[in-house]
Amino acid sequence: MKIIIGWLYPDLMSTYGDRGNIICLTKRCQWRDIDVQAKNLTPESSNKDFTDCDIIIGGGAQDRQQGIVIADLLKRKKELAAMLEDGKVGLFVCGSPQLLGHYYETADQKKLPGLGIFDMATHSGFGKPRLIGNLVAKTDLGVIVGFENHSGRTYLGNVKPFGKVLTGFGNNGQDKTEGAWYKNCLATYSHGPLLPKNPHIADWLITKALEQKYHHSITLEKLDDSLEWQAHQFIVNNR
Amino acid sequence: MERILIFFGKLISVVSSATNLGAGATWPGEIALRLDPDILTPLSQKVRKGIILVAGTNGKTTTTLMLKTILERQGDSVIHNGSGANLLNGIVSSFIQHASWTGTIEADWGVFEVDENSLPIVIKSIKSIKLKVVIVLLNLFRDQLDRYGEVDVIAEKWRKLKFDCLIANADDPLIAEIARKAIKNVTFFGLDDPSQYMEKMEHATDSTFCPRCGTRLTYKGIYYSHIGDWSCPKCKNKRPALDISTWDYPLPGLYNRYNTLAAVATAKTVGIADQNIKQALQNFSPAFGRQEEFTVDGKKVKIFLSKNPAGFNESLRTVIQLDAKQILFVLNDRIPDGRDVSWIWDVDFEMLPENINIFVSGDRAYDAALRLKYAGIRDIRVINDIREAVQNDLYILPTYSAMLDVRKILTGKKIL
């Protein structure tokens with residue numbers, strides 16, 4: 001079995017240790033003898049480079065870089081939408097979920113179009129405090145822990161939230177929703193290295209990706225995750 | 001008026017140190033500023049020769065200490081925020097501490113490290129003085145994004161500043177561009193030593209795109225992070241010509257070459273002869289927590305403050321070169337460290353060789369251990385009491401508050 005992980009625009013969208021998610025997925029595949037390849041998706045990549053991937057990972061960008069990213073993504077809008085509608089596995093953390101909605105406004109209130117795959121939109125946090133701190137949320141896959149730092153406020157339409165905020169702000173600091181979940185794609189404001197401290201989410205992504213690719217149900221070999229859960233539990237206990 | 005504030009400030013300083021409240025490095029200035037927000041202007045006028053401000057993500061403390069050492073060697077007296085309190089209140093505090101009880105300030109120079117975000121307000125406060133004001137811009141790396149904001153945000157603030165005399169790092173594209181746009185006669189420092197080029201680019205790089213046109217930069221060679229001999233293939237923007245590129249370096253580590261070059265370039269600018277600079281730096285002893293060495297139970301312990309990916313990678317590279325056999329990482333997530341520890345995933349721990357004993361400690365020891373596990377390190381010991389790691393000669397890489405804790409535990413003193 002083989003998995004290809006596609007990392008969206010690493011030198012534009014890697015602000016808060018986003019590499020942690022790639023390292024985590026790669027290692028957890030290798031420890032189980034699953035063949036794994038991580039490749040960078042850049043403006044120079046072809047659409048086929050995108051569709052060849054089994055898992056798509058998106059990270060956080062500064063406003064200027066996010067503008068460059070969305071310009072490139074919009075050029076591939078049809079292919080990307082078809083891919084995700086078809087059940088391609090994805091994890092979008094920090095600023096990258098904003099790209100999937102109908103539109104988003106930057107901190108200086110510039111309105112930029114999104115891909116419109118997720119029924120949601122992000123409003124500028126101009127004049128409002130940034131939403132910063134540890135984030136703990138309850139999801140159907142279990143509790144997740146992370147750290148959020150964003151100014152944008154995201155409001156969901158007809159898409160289900162990834163989880164319910166237990167500690168922190170989540171999508172907008174008001175309605176307790178955190179992230180979004182559409183088909184096999186997870187979106188969360190928890191930024192950077194989400195997966196190392198949430199091994200259950202990492203394994204869900206790997207399982208789904210293998211099932212999508214090989215069309216049969218998959219049970220992953222168990223790993224010793226005691227250190228992972230100690231780090232996870234530390235956040236839960238100190239929230 | 002400021003004489004009264006100085007007296008008052010000194011009183012606070014004495015009380016806070018006598019009652020062991022700590023924070024003596026910021027409170028006197030904080031209270032003086034609340035009573036007179038413009039107090040830095042009259043205070044800075046009292047300095048006889050000039051003011052030097054050093055800003056940048058990494059290297060401020062070491063660079064200012066080098067400058068202080070050089071200037072004092074010439075017989076000049078220097079006001080300096082050596083404890084690292086580098087906001088406006090810390091700088092005002094160091095004036096108050098230096099002053100006599102009657103409010104007299106006797107000093108030739110003010111040499112201050114300045115926090116990235118505070119640079120505009122500090123420059124504004126002292127710009128009305130007739131003295132020489134020298135600004136030194138070292139570098140800009142990602143650091144404590146929850147507190148400082150992203151690199152672009154700081155660069156934007158610096159672009160609006162007015163400078164008279166500027167010393168800048170030519171090898172950092174963003175710094176070079178800000179400096180070049182600001183004034184004509186910038187003194188540029190940088191390295192010209194291809195033997196120090198990295199084999200491949202580090203992961204945690206911020207400014208790899210042309211600050212002028214946004215095209216991906218090409219490098220003849222990279223020294224570390226995004227620091228190197230850069231040029232833009234599209235708009236022909238390139239590294240400025242270097243005014244100084246080599247010196248007899250008193251400390252190990254590539255980053256200390258930059259700190260040394262910055263200090264030397266500044267000293268030359270204010271008229272100190274090469275020979276005198278050389279003598280002054282010959283026996284330079286490092287600032288607290290910056291490659292500081294002491295002996296604990298007969299074992300040599302060396303502390304390398306490591307608080308962001310670029311600095312951390314350089315510390316790692318240096319201790320590996322020094323043939324470390326035992327390393328302790330101490331990761332805290334308090335306000336001075338930044339509450340967010342995500343950045344440890346941008347550090348290239350994968351470079352650690354196999355034969356080193358690894359210990360981790362601190363508030364977020366499990367996060368550090370997890371990062372090391374995914375870097376392929378098998379044997380990681382998580383310890384509560386850092387003294388457990390002092391079984392052999394030891395290198396300690398702590399974040400800022402962790403460094404203070406480590407010093408307190410091993411030497412009894414947090415700062416100086």
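A, B, ... follow the sequence lines: proteins, then strands. Residue 1 opens every chain. Note: hydrogens, waters and symmetry copies are ignored here, and every other heavy atom, side chains too, is used. Since the structure is predicted, the reported quantities are computational estimates derived from the model, not experimental observations.
Less than 6.0 angstrom separates the ring centroid of B:Tyr374 from the ring centroid of A:Trp31. Here the two rings, on A:Phe147 and A:Tyr16, have centers that are 6.0 Å apart or farther. The ring of B:Phe329 has its center no closer than 6.0 angstrom to the ring center of B:Phe304.
In this structure, chain B has no heavy atom under 4.5 Å from any part of A:Leu194. Interface remark: A:Leu12 contributes side-chain atoms only to the contact with chain B (heavy atom separation under 4.5 Å). For a residue to count as touching a neighbouring chain, one of its non-hydrogen atoms must lie under 4.5 Å from one of that chain's; by this rule B:Glu156 does not touch chain A.
Per-residue heavy-atom pair counts under 4.5 Å with chain B were compared for A:Arg28, A:Lys27, A:Gln230, and the maximum is reached by A:Gln230.
Side-chain contact check for B:Asn332 versus B:Ser401: some heavy-atom pair is nearer than 4.5 Å.
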